[in-house]
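No hydrogens, no waters, no symmetry mates; every other heavy atom, side chains included, goes into these values.
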Amino acid sequence: MGLRAEMPLLARHEGEWEGTYLHLGRDGGVLDSHRSRITCSIVGDAAYHQVNEYTWADGRREVHEFPGAYLGGGRCAFDTERISGEFWEVDASTIYLTWVYKADGEDLKLFELIVLSDDGGARSRVWQWIRSGECIRRTLIDEKRVR
């Protein structure tokens with residue numbers, strides 16, 4: 001069986017999503033906010049590919065690609081110059097990811113939950129940034145499917 005068959009929830013995320021990232025400090029204060037456009041696709045039987053485009057109010061723009069490989073058993077991994085980690089489906093609506101930003105070292109770990117709406121038209125995402133066992137930051141992401 002391939003990725004699409006073994007990770008049906010991931011397959012439901014395929015398409016383009018637009019939303020807003022809101023980065024909060026430990027005290028809940030806003031550290032950053034920007035718009036996003038995320039393109040998710042499954043390529044063949046064993047690859048996942050994601051392109052993240054970020055745009056800030058001041059005109060800054062970043063684009064990052066995240067190719068992933070299906071490991072089998074309902075798990076995928078990704079390893080780019082910027083980040084490395086894994087993700088899997090928790091239940092019929094939730095995907096769980098864990099990763100590290102390579103420049104920050106192994107001590108800073110990120111944990112993300114992605115929850116897809118029943119109709120597949122919206123998703124909410126929450127990141128927790130954990131350093132030495134303490135949450136130092138949270139990221140809240142709300143997205144709508146645009147294609």
Side-chain angles (χ1 to χ4, degrees), residues 3-4 7-44 46-71 74-147:
L3 174 57
R4 189 179 306 278
M7 296 185 74
L9 176 58
L10 181 65
R12 290 185 60 214
H13 284 261
E14 281 189 289
E16 294 182 14
W17 300 86
E18 288 185 351
T20 303
Y21 279 55
L22 181 62
H23 296 276
L24 306 173
R26 178 183 285 170
D27 64 356
V30 176
L31 301 173
D32 185 35
S33 177
H34 57 274
R35 304 278 308 146
S36 65
R37 183 175 190 94
I38 312 295
T39 304
C40 304
S41 37
I42 294 174
V43 183
Y48 175 78
H49 192 261
Q50 183 170 308
V51 178
N52 293 16
E53 301 175 52
Y54 305 126
T55 307
W56 284 262
D58 66 5
R60 284 181 297 139
R61 185 172 176 269
E62 291 181 10
V63 177
H64 300 282
E65 292 194 38
F66 302 102
Y70 185 52
L71 301 175
R75 296 178 83 88
C76 287
F78 49 93
D79 189 1
T80 69
E81 289 181 15
R82 188 173 189 221
I83 66 173
S84 66
E86 289 189 21
F87 62 95
W88 56 92
E89 297 176 3
V90 174
D91 58 30
S93 63
T94 309
I95 293 175
Y96 179 76
L97 294 84
T98 181
W99 77 92
V100 296
Y101 281 104
K102 292 178 177 179
D104 292 315
E106 294 287 324
D107 186 44
L108 177 63
K109 296 181 180 174
L110 285 89
F111 302 89
E112 177 179 4
L113 285 178
I114 305 173
V115 179
L116 184 66
S117 64
D118 289 341
D119 68 2
R123 62 186 190 175
S124 62
R125 301 166 50 201
V126 178
W127 301 358
Q128 292 200 102
W129 302 60
I130 308 294
R131 184 181 303 279
S132 301
E134 292 187 39
C135 185
I136 61 166
R137 181 175 182 167
R138 288 183 176 85
T139 302
L140 308 175
I141 306 158
D142 293 306
E143 297 168 315
K144 299 285 185 196
R145 183 186 298 277
V146 294
R147 197 178 76 146

Report summary line: Tightest non-hydrogen contact, residues Leu22 and Ser33, listed as CD1-CB, 4.1 Å
**Report entry** Set of residues satisfying side chain to side chain contact (heavy atoms under 4.5 Å, CB included) with respect to Ala69, sequence neighbours excluded
**Finding:** none
Report summary line: Residue set satisfying salt bridge (charged side-chain N to carboxylate O under 4.0 Å, His left out) with Glu143, at least two apart, ordered chain then number -> Arg123, Arg125
Query - Evaluation steps, side-chain contact (heavy atoms from CB on, under 4.5 Å), between Val30 and Leu24 - result: CA-CA 5 Å; Val30 176; Leu24 306 173; 3.9 Å; yes
Report task. With sequence neighbours left out, write down each residue that passes ring pair (Phe, Tyr, Trp, His ring centres under 6.0 Å) with Tyr96, or none if nothing qualifies. Result -> Trp88
Report task. Give the ring-plane orientation class for His34 versus Trp56, where under 30° counts as parallel, over 60° as perpendicular and anything between as tilted. Result -> tilted
Query raised in the report: Does a sphere of radius 6.0 Å around CG in Asp107 hold more than 12 heavy atoms from other residues, nucleotides or ligands, not counting ones at 6.0 Å or beyond?
Result: yes
Query raised in the report: Looking only at heavy atoms, which two atoms of Ala47 and Leu3 are closest? And how far apart?
Result: O-CD2, 3.5 Å
Report task. Please examine the side chains of Leu9 and Val90, heavy atoms only from C-beta on, and report whether any two atoms are closer than 4.5 Å. Result -> no
Query - Residues in side chain to side chain contact (heavy atoms under 4.5 Å, CB included) contact with Arg37, at least two apart in sequence or another chain - result: Glu16, Glu18, Glu53, Val146
Report task. Indicate yes or no for a side-chain donor-acceptor contact from Arg4 to the backbone of Gly44 under 3.5 Å, with no hydrogens or angles considered. Result -> no
Report summary line: Closest non-hydrogen atoms of Pro8 and Glu89, given as atom of the first, atom of the second and distance, are N-OE2, 3.4 Å
**Report entry** Pairwise side-chain contact, His23 with Trp129, heavy-atom cut-off 4.5 Å (strictly under)
**Finding:** yes
Report summary line: SG of Cys40 to CD1 of Ile114, rounded to nearest 0.5 Å, is 7.5 Å
Query raised in the report: Can you tell me how far the OG1 atom of Thr20 sits from the CD1 atom of Ile141, to the nearest 0.5 Å?
Result: 10.0 Å
Requested in this report: Given side-chain contact (heavy atoms from CB on, under 4.5 Å), test His64 with Ile83 step by step and report yes or no.
Outcome: CA-CA 10 Å; His64 300 282; Ile83 66 173; over 6 Å; no
Query raised in the report: So does Arg147 have more than 12 non-hydrogen atoms from other groups sitting under 6.0 Å from CZ?
Result: no
Requested in this report: Classify the angle between the aromatic ring planes of His13 and Trp17 as parallel (below 30°), tilted (30 to 60°) or perpendicular (above 60°).
Outcome: tilted
Report task. Check whether any side-chain heavy atom of Leu10 sits under 4.5 Å from a side-chain heavy atom of Phe87, and report yes or no. Result -> yes
Query raised in the report: Mind checking what makes salt bridge (charged side-chain N to carboxylate O under 4.0 Å, His left out) contact with Lys102, not counting sequence neighbours?
Result: Asp79
Query - Check: His49 main-chain N/O paired with Glu65 side-chain donor or acceptor under 3.5 Å - result: no
**Report entry** Close side-chain approach of Met7 to Ile42, heavy-atom, < 4.5 Å
**Finding:** no
Query raised in the report: In Å and rounded to the nearest 0.5 Å, what is the CD to CZ distance from Gln128 to Phe111?
Result: 8.5 Å
**Report entry** Shortest non-hydrogen contact from Asp142 toward Ser124
**Finding:** OD1-CB, 3.9 Å
Query - Trp99 side chain reached by Arg82 side chain, heavy atoms, under 4.5 Å - result: no
Query raised in the report: Is there side-chain contact between Ser36 and Asn52, with heavy atoms separated by less than 4.5 Å?
Result: no
**Report entry** Reported CG-to-CZ distance for the pair Leu116 and Arg145, which is rounded to 0.5 angstrom
**Finding:** 6.5 Å
Requested in this report: Kindly give the heavy-atom pair with the smallest separation between Glu106 and Lys109, and that separation in Å.
Outcome: O-CE, 3.4 Å
Query - Of all pairs that satisfy salt bridge (charged side-chain N to carboxylate O under 4.0 Å, His left out), the ones with a partner from residues 25-36, not counting sequence neighbours - result: Arg26-Glu134
